[in-house]
Structures are given as C-alpha cells and as structure tokens.
Amino acid sequence: MVASAVTLALARNIRREPVIAAPPAPRLRLPEGWSLPALVVAVALLLGGLPFFRLAAAAFAPGWQFAPGEAFVEMASRAAMTATWHTLETASLSALGALLVGGIVALALGVTDVRGKRPLAFAFVFSMMIAPQVAALAFLSLLAPNSPILSLIGLAPPPGTPNPLLGRGGIILVMALHHAPLVAITLWTGLRSIPQSLVEAAQMEGATPATITTRIVIPVLRPQIIAAGLIAFVAGVGNFGIPALLGLPVNYLTLPTLIYRRLSSFGPSSLGETAALAVLVGVVAALGIVAAALAARNQRGKVEIERSLEPYWLLGPARPFVAAGLWLLLALKLGLPLLALLSEALTPALGVPLSWQTLTFDKFTEVLFRQAVTMRAFRNSLIFAGSAALILAILAIVFAYGLERRLGRFRRAVELMIELPYALPGIVLAIACILIFLKPLPLIGVSIYGTPFIILFAYLARFLPLALKAPVAAMAQIEAHHEDAAKLDGANLPQMLRFIVAPILAPAAAVSALMVFLVAFNELTVSALLWSSGTETLGVVLFSLKEAGLAGEAAAVAISACVVILVVMLALDLIGRYRQHNILPWRI
C-alpha cells in the first residue's frame, strides 16, 4: 500500500512538474550503414592488399628486418638479368605479333560486311580461352617429327629433328597467336565508341573505305591500339604455360619459369630469392599496366555518340575471299593444332600413323577412367573452379551494391586493390600466397599450405575482378527507388540485399560465375606453385605428363579440357542472347 501511494504521488508530480533529464553522455557513433563498406574494404584488403604487402615484406624486409640489399642483389644476378631480358624480348615481340593479327581480325569483323561474324568471333575468342599450355602442346604436336597431320601430307620432318617451336622463336609465335584475341577484344570495344556520323561525313566528301579506315578510324583508335599492345605485353610477361613447355626443355628461361625452377629445385628455403624475383616480375608488369591505363585515358576527340559505328566497307566480290582468309587464319591458329593434338591422342603409340586401323580411344579411357591422378585432377579442377565461381557470384552481388551505393569517393581506391591480383602475373600471387600461408595462421594455429584451401584462396583473389564486371555494370543501371521503397517498409540491409538487390543482379552474377569457371578450369600459372599431392589441377597434370614424355596422354587430357571449355562457352553464348547487359567478349 505504501509503495503504491508513493508511486501514485510520483506520477502526479511528474504530470504537474516535468523533470528535465540530464543529456546522455556523448558516445562515438558509427555512420549509418557502415558495416557493408567495412566488409568490402576488409575483403579487398585480405584478397588484394595482404598478399602483395607480404610479398614486398619478404623481399625487402626478410625476418621483418629492413634489408633491401639482398633483394637487389638477387634481382641483379646474372640468372635474373638473363631471364628478365628473355621476358622483355618474348613479351614485346609477341605483343607486336598479337597487335598485327588481332588488329586485322578486329577491323575485318568490325568495319566490313564479311559473312559469319558471330561464329568467326566465337572461334577466335575460343582459341584464347584454351589454356596457354594446351595451345603450346597443340603447336608442338603439329610440328613434331612424328606429327600425324604432317605425315598425311608428306611434310613431316625426319625422325630426330628438333621441334622448331622449342626456344625463343616458338614462344614468341605461340604467344602472339594466343594473345591476339586480347587485342581484338580491346579494339572491338574501341570501335563501338566511334560515332557513325564521322564515317557518314567522310562518305559525303567522297572518301573511300580504305581512306576512312586509315585516315579516321585508325587515328581515333590510336589510344586503344596502344592499350591493346600493352595488354598483350603484360599477358606475355606473366605467361607461364607457353614458356614452360617451349622454353624449359632447351633451358630458355623467362622470369616465371625461373621462379618455378627455383622453387622446384630448392623448395621453401628459396622463398626469399623467389620473392625478390616475383617483385621484379610485378614491377615489369606494373609498368605495362600503368602505361596501358594512361593510353586509355588520354583519348582525344571525344564526341557525343548518337549512333555507334556500323560496317561501312562493302566488300562486294571480295566478300567470300575475305571470309576464306579469316577462316584460314583460324585453321592455322586453332584448327590444325587441335587436330594434331587429337591425332596424337588417338594413335596407339608415338610415330604410328593415324588411320582407321590404328585409331584407338585407349588414351582417353586411360586418363579419364583409369589413371587416379588424372581423374583426381579433373575432379579438383571442377571443384576449385566451381567453388570459386559460386563464392565469387555471391560476393559479386554484395560488392556491386557496396561499390555503387556505399563507398563514394573511396570506390576507386578499393577497386584498384581488388584488381591488383588479376592485373599482375599469377606467379606473383602464388609466391605471395605461399609466404602468407606457409606458417600456421595466427590465433587459430592452422596452416592451409599444401591444402586445397590455398588454391581456392588464390582463385578468389585472382578472379574477383572478373566476377565483378557484369554485376557492377548492372548495378549502375538500377535506380535507387527500389531500395528507398524497401527502407520505407522497414527492411534492413541484409533483407534488402536478399530480396531486392540479389534477384535483380542474379542473372549478371551467373554469367560472371560461368566466366570465372571458364578461366579457372584450365588455370596453371597459380596452381603450378601451390599444388601438392592430392590437389593437382588439370594444368599441373598436363604439364607433368608432357615432362614425363607421355605426350599422348597429355594430348587426351588437353582435348578433354577443351571440350569442357567449349561446352561452357556455348552455354554462355546461349545465356547471352537473352541478356541486355552482355559482357561476352565474342558478341561483337
């Protein structure tokens, strides 16, 4: 009763004379919606920043004591200087070759009315999607003394003749052909930015198609041409598969193959030296990347584009001859090498001519159903590439929303950090991952070195920029009123991402996931240094089979991998027909 009376009296006093409460003590309050930007930045630091910070620390501060002298001594060693010269030589000359071949194909498909543009572009890009080591193996099979293809037409070299592709010239030729689609894709993008009005104005003045091409189109494309050449150069610097198969047998070493040989010979004890070499590779590649970015930025003569460039060069009677020339180029670049590889896989033994009597599928049966290591490699590649594609598809949705809506002026810095593992050679990322995960992880005391998780981490870091392309492009075209309506209904950030953003971005994320799978399935540059017994990938097994002299089995693995890539590309092409925001490089 007393308590009730006191409570009632207090209530009356409060009604009559309100008590003004003291203001709460000031607290540090984080801005609204800080969690998503923090998550994006943290993942970007983990996948992009940490590996290269650890690499630089190992090179210039071994044992966390700043001592850059050892790194500079290693970089200036005779072996490193020779490998650097070989890297610059092969990358530069192959980039020029790629620029020539890719430029011709880009202009032929972009400005003329040649027939069959879609299948020509598809086949041209397919030749690039094939792993570099498969391309090298295919050309080796084509020009080998026991080549079934050359034997059929009586052009096979005598037995015992060295393969002409081994060494410097072969590396330059195969890399030029393999990287030519990179140039074509870059130039196709540039052609879309040229307004049709420029061509129409020139046509009204009586200019011929050849004059329009040489006096208008090529000068306008100059920044893209320079950027395309530099992109091919950077790809050549980081290429491991082609120099490994064509250079290692004759001791012609580039920087990636020198690093591989050092680690294969001396193991983790040589990590300090290889870290310095990896930094050297990164510096050479970074110079090319910066130059390509500057070339792409310094575009002159920007104009409003009401209508994109349309084919203006009517070939007339020359139309079938131009188409035949393009198909002949594809036959030399893709058809004959793969046919030689298939012939080698279908013959029972080295040197046996291919005929209906000698044809056998024993090598395919061996590598697909009998050999434990090749069966495991197929399974591992499917799991690694599929897991990376699935995880990155989910991450891409979150990152696309965070980059487009929440990061503001910090967006470009975060994007640069994300793009670092994809832009620099994979061998650099592999060394960085070894340095991070060789010892047990802090706090939990678990090491993932030698496990599948180190390869998965490297794939996530390397292919995140590729997974972001389509979702970021789609997110940029989504109006914010969907999110505003969700906020008015009381939806929090996870609910908005799940029920509003994810369904809209899911198709773009699925296309990106297939692109990641396409690139990761045949990957060798990263996994060549990160694999261990039980975690072999297809690229590693193919390279090992070739080194062991089992060329037929290696050919069977390569052809099987090409079939998987072709199936995925056809699925992507089918999906791309129904997508408005298309990122498929062959859909010109």
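- Checking each of Phe122, Phe126, Trp188, Phe124 against Trp586 for a ring-ring contact (aromatic ring centres under 6.0 Å, His included) leaves exactly one that passes, namely Phe122.
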Does the side-chain contact (heavy atoms from CB on, under 4.5 Å) test come out yes or no for Arg411 and Glu404, once each step is laid out?
CA-CA 8 Å; Arg411 171 178 176 172; Glu404 188 65 29; 2.8 Å; yes
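- With contacts defined as side-chain heavy-atom distances shorter than 4.5 Å, the pair Leu530/Tyr449 does not qualify.
- Summarising the geometry of Ala71 relative to Ala59, their closest heavy-atom pair is CB-O, 3.1 Å, with the distance given to 0.1 Å.
- Under a 3.5 Å cut-off, the side chain of Asn522 and the backbone N or O of Leu538 do not form any donor-acceptor pair.
- Between Pro256 and Asn239 the shortest heavy-atom distance is CG-O, 4.0 Å.
- Contact of the Ile418 side chain with the Leu47 side chain is not registered, since no non-hydrogen atoms from C-beta on lie closer than 4.5 Å.
- Under the 4.5 Å side-chain criterion, counting only non-hydrogen atoms from C-beta, Val472 is not in contact with Phe399.
- Taking the six-membered ring for Trp and the full ring otherwise, Phe384 and Phe517 have centroids separated by 6.0 Å or more.
- Of the possible donor and acceptor atoms, one in the side chain of Thr189 sits under 3.5 Å from a partner among the backbone N and O of Ile185.
- Heavy-atom neighbours of Arg412 CZ from other residues, nucleotides or ligands within 6.0 Å: above the threshold of 12.
- The two residues Gly288 and Leu230 have their closest heavy-atom pair at O-CB, 3.9 Å.
- Taking the six-membered ring wherever Trp is involved, the centroid distance between the rings of Phe457 and Phe437 falls below 6.0 Å.
- Under the side chain to side chain donor-acceptor pair (under 3.5 Å) criterion, Ser387 pairs with no residue at all, not counting sequence neighbours.
- Note: Leu55 CG to Ile431 CD1 = 7.5 Å, rounded to the nearest 0.5 Å.
- The line from CG of Leu529 to CD1 of Ile454 is 10.0 Å long, rounded to the nearest 0.5 Å.
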Full working for side-chain contact (heavy atoms from CB on, under 4.5 Å) between Ile383 and Leu456
CA-CA 9 Å; Ile383 292 174; Leu456 181 59; over 6 Å; no
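- Between Ser560 and Phe378, the closest side-chain pair of non-hydrogen atoms falls below 4.5 Å.
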From CA spacing to verdict: side-chain contact (heavy atoms from CB on, under 4.5 Å), Leu468, Tyr422:
CA-CA 12 Å; Leu468 283 175; Tyr422 190 69; over 6 Å; no
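- A search for side chain to side chain donor-acceptor pair (under 3.5 Å) contacts involving Thr257 returns Thr254, not counting sequence neighbours.
- Atom OG1 of residue Thr525 and atom CZ of residue Arg462 lie 6.5 Å apart, to the nearest 0.5 angstrom.
- Under the 4.5 Å side-chain criterion, counting only non-hydrogen atoms from C-beta, Pro51 is in contact with Leu429.
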side-chain contact (heavy atoms from CB on, under 4.5 Å), that's the test. Do Ser94 and His178 meet it? Break it down for me.
CA-CA 9 Å; Ser94 66; His178 190 69; over 6 Å; no
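- Between Val519 and Leu466, the closest heavy-atom pair is CG2-CD2, 3.8 Å.
- Phe463 contributes atom CZ, which lies 13.5 Å from atom OG of Ser512 (distance to the nearest 0.5 angstrom).
- Glu536 meets the side chain to side chain donor-acceptor pair (under 3.5 Å) test with Arg376; sequence neighbours excluded.
- Scanning both residues, Val281 and Pro425, for their nearest heavy atoms gives CG1-CG, 3.5 Å.
- Taking the six-membered ring for Trp and thresholds of 30 and 60 degrees, Phe72 and Phe60 have ring planes inclined between 30 and 60 degrees apart.
- When side chains are defined from C-beta on, Tyr260 counts as touching Phe543, because their heavy atoms get closer than 4.5 Å.
- Between the side chain of Thr535 and the backbone N or O of Trp531 there is no donor-acceptor pair closer than 3.5 Å.
- Side chain of Ser527 to main chain of Thr537: no donor-acceptor pair is present (N/O by atom type, distance under 3.5 Å, no hydrogens or angles).
- Nearest heavy atoms, Val526 versus Ala458: CG1-CB, 3.5 Å.
- Going from atom CG of Leu248 over to atom CG of Leu253 covers 6.0 Å, rounded to the nearest 0.5 Å.
- Although no hydrogens or angles enter the test, the distance criterion places no donor-acceptor pair under 3.5 Å between the side chain of Ser264 and the main chain of Arg261.
- Side-chain contact between Leu277 and Glu273 is absent, with no heavy atoms from C-beta onward closer than 4.5 Å.
- Note that the CD atom of Glu523 and the OG atom of Ser381 stand 9.0 Å from one another [nearest 0.5 Å].
- Between Phe52 and Val428 the shortest side-chain heavy-atom distance falls below 4.5 Å.
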